[in-house]
Amino acid sequence: MTCREFIEFLMQYLLGEVDREKFDAHLAVCSSCVNYLKTYQQTVKVSKAALADLDESLPKPPEELIRAILASRMKPR
Amino acid sequence: MNPDPSLMVSSPEEREEARLLSALRAGEDSAYEELVRLHTGRLLAVARRFVRNPEDAQDVVQEAFISAFRSLDRFEGTAQLSTWLHRIVVNAALMRLRSRRRAPEESIEELLPKFLENGHAAELSREWGVSGEEAVQQAQTRHMVRQCIERLPESYRLVLILRDIEEMDTEEAAKLMGITANAVKIRLHRARQALRGLLDPHFREGGA
Ligand SMILES: [Zn+2]
């Protein structure tokens, strides 16, 4: 197995959707792919952490918006 | 005899929700105001995950509330109101992006890892320092990560947000995006690879 194949099927490997043996054999000899695997998993965690917190990302909603939303209920389109 | 549905639920939150829901269905103005004040802030933040422009995010939330008001009768009460509204906002955001789709999007190819002819990685991958997950606790790093996510071509960025951040399953994301489950899987894997590449210079040991 090459690095290209390893990385192409990495997601299926992590989901247990492929025969793990060849992948494990590649990992045993390729530290670059070991690092790729780790940083790929970190990417998922880091992106989640960066966008997950809804409360920090915004100040108080503008009063005009709240009024506009309430007004839109009055005039059904 | 049918018992009052608000008596069949147990926790205080559930009772509170049942009360609000029946007030909404009765058309009480104060209930509408309560609902909107309670949820608009978080829903704006959800919309901002998808649409970059703050005014667009406000429009999305407004559109979402309009369609929520219209379909209140069909709200089953099995989900929470907040979950239901969240879902409607995601839908409204995707609809807006779809209607706005302009130029053909940039290719993701150049953000993917490169390989030599023999299949070896063109550049050896390195570990990320302790930085990675710990660094995200700093507002500055979260900001940097968000900016890297923004650099992904739109259809990849959306799949990444739906799957990895909204934590929808593949089928659900496929339905919302109007693409096949297989296309969702392919795009997710590419999006993660591209994002890994964009984050790499920031997180690799001895990196910036
Ligand atoms: Zn390798």
Side-chain angles (χ1 to χ4, degrees), chain A residues 1-18 22 26-27 29-77, chain B residues 29 32-33 36-37 40-46 48-49 54 57-58 61-63 65-66 69-70 112-113 115-116 118-128 132-133 135-137 139 141-146 148-149 160-161 164-165 167 185-186 188-189 192-193 195-196 199-200 203-204:
Chain A
M1 168 169 285
T2 62
C3 299
R4 183 199 287 273
E5 290 165 323
F6 180 85
I7 290 175
E8 188 175 343
F9 296 101
L10 174 56
M11 192 168 83
Q12 282 103 311
Y13 169 74
L14 290 170
L15 291 168
E17 292 175 358
V18 287
K22 275 195 279 179
H26 183 78
L27 283 176
V29 296
C30 181
S31 63
S32 177
C33 283
V34 171
N35 290 338
Y36 196 92
L37 169 69
K38 275 193 221 160
T39 51
Y40 179 94
Q41 290 175 303
Q42 281 173 301
T43 298
V44 178
K45 285 191 195 150
V46 159
S47 62
K48 194 169 301 195
L51 276 177
D53 189 358
L54 294 173
D55 293 325
E56 84 154 353
S57 23
L58 274 193
K60 238 169 91 75
E63 191 60 30
E64 311 91 78
L65 175 62
I66 289 179
R67 302 225 166 278
I69 292 169
L70 289 169
S72 65
R73 179 193 153 220
M74 308 307 175
K75 39 165 185 148
R77 279 186 277 179
Chain B
D29 289 348
Y32 277 86
E33 177 148 3
V36 173
R37 289 200 182 279
T40 298
R42 284 180 76 80
L43 294 176
L44 266 178
V46 173
R48 283 291 293 278
R49 284 175 174 170
Q58 295 192 14
V61 171
Q62 186 171 356
E63 282 157 22
F65 268 114
I66 292 172
F69 294 160
R70 281 207 208 108
L112 297 179
F115 300 95
L116 306 174
N118 61 10
H120 287 304
E123 189 194 354
L124 295 181
S125 301
R126 284 200 269 154
E127 271 187 272
W128 287 352
E133 282 145 87
V136 197
Q137 289 169 13
T141 310
R142 286 197 297 274
H143 180 73
M144 178 278 287
V145 174
R146 284 187 209 134
C148 289
I149 293 174
L160 182 99
I161 294 173
D164 282 345
I165 291 146
E167 298 183 326
K185 288 183 188 170
I186 292 168
L188 176 62
H189 184 42
R192 287 170 171 178
Q193 290 178 79
L195 182 59
R196 197 214 74 95
L199 295 173
D200 191 49
F203 285 141
R204 61 161 62 199

Any idea which heavy atoms bring [X] and [Y] closest together, and the distance?
X	Y	value
B:Asp29	A:Arg73	OD1-NH1, 2.8 Å
B:Leu195	A:Ser47	CD2-CB, 3.8 Å
A:Glu63	B:Arg37	OE2-NH2, 2.7 Å
B:Val136	A:Ala49	CG1-CB, 3.5 Å
A:Pro61	B:Thr40	CB-CG2, 3.7 Å
B:Ile66	A:Ser72	CG1-OG, 3.4 Å

Side-chain donor-acceptor contact under 3.5 Å, B:Arg196 with A:Thr39: yes
Could you look at [X] and say if it's the side chain, the backbone, both or neither that has a heavy atom under 4.5 Å from chain A?
X	answer
B:Leu112	neither
B:Leu199	side chain
B:Tyr32	both
B:Ile149	side chain

With the side chain counted from C-beta on, respond yes when [X] and [Y] share a heavy-atom pair under 4.5 Å apart, and no when they do not.
X	Y	answer
A:Glu64	B:Gln58	no
B:Phe115	A:Ile7	yes
A:Tyr36	B:Gln193	yes

To the nearest 0.5 Å, tell me how far [X] [atom1] sits from [Y] [atom2].
X	Y	atom1	atom2	result
B:Gln62	A:Ile66	CD	CD1	11.5 Å
B:Lys185	A:Met11	NZ	CE	7.0 Å
B:His120	A:Cys33	NE2	SG	10.0 Å

Atom CZ of A:Arg67 with >12 non-hydrogen neighbours under 6.0 angstrom: no
Atom NE2 of A:His26 with >12 non-hydrogen neighbours under 6.0 angstrom: yes
Considering only heavy atoms, which portion of [X] lies under 4.5 Å from any heavy atom of chain B: side chain, backbone, both, or neither?
X	value
A:Glu8	backbone
A:Leu10	both
A:Gln41	neither
A:Lys48	both

Expected output: side-chain A:Ser32 to main-chain B:Ser125 donor-acceptor under 3.5 Å: yes
Main-chain N/O of B:Asn118 paired to A:Arg4 side chain as donor or acceptor, under 3.5 Å: no
Chi angles and distances behind the side chain to side chain contact (heavy atoms under 4.5 Å, CB included) call for A:Leu65, B:Phe65: CA-CA 11 Å; A:Leu65 175 62; B:Phe65 268 114; over 6 Å; no
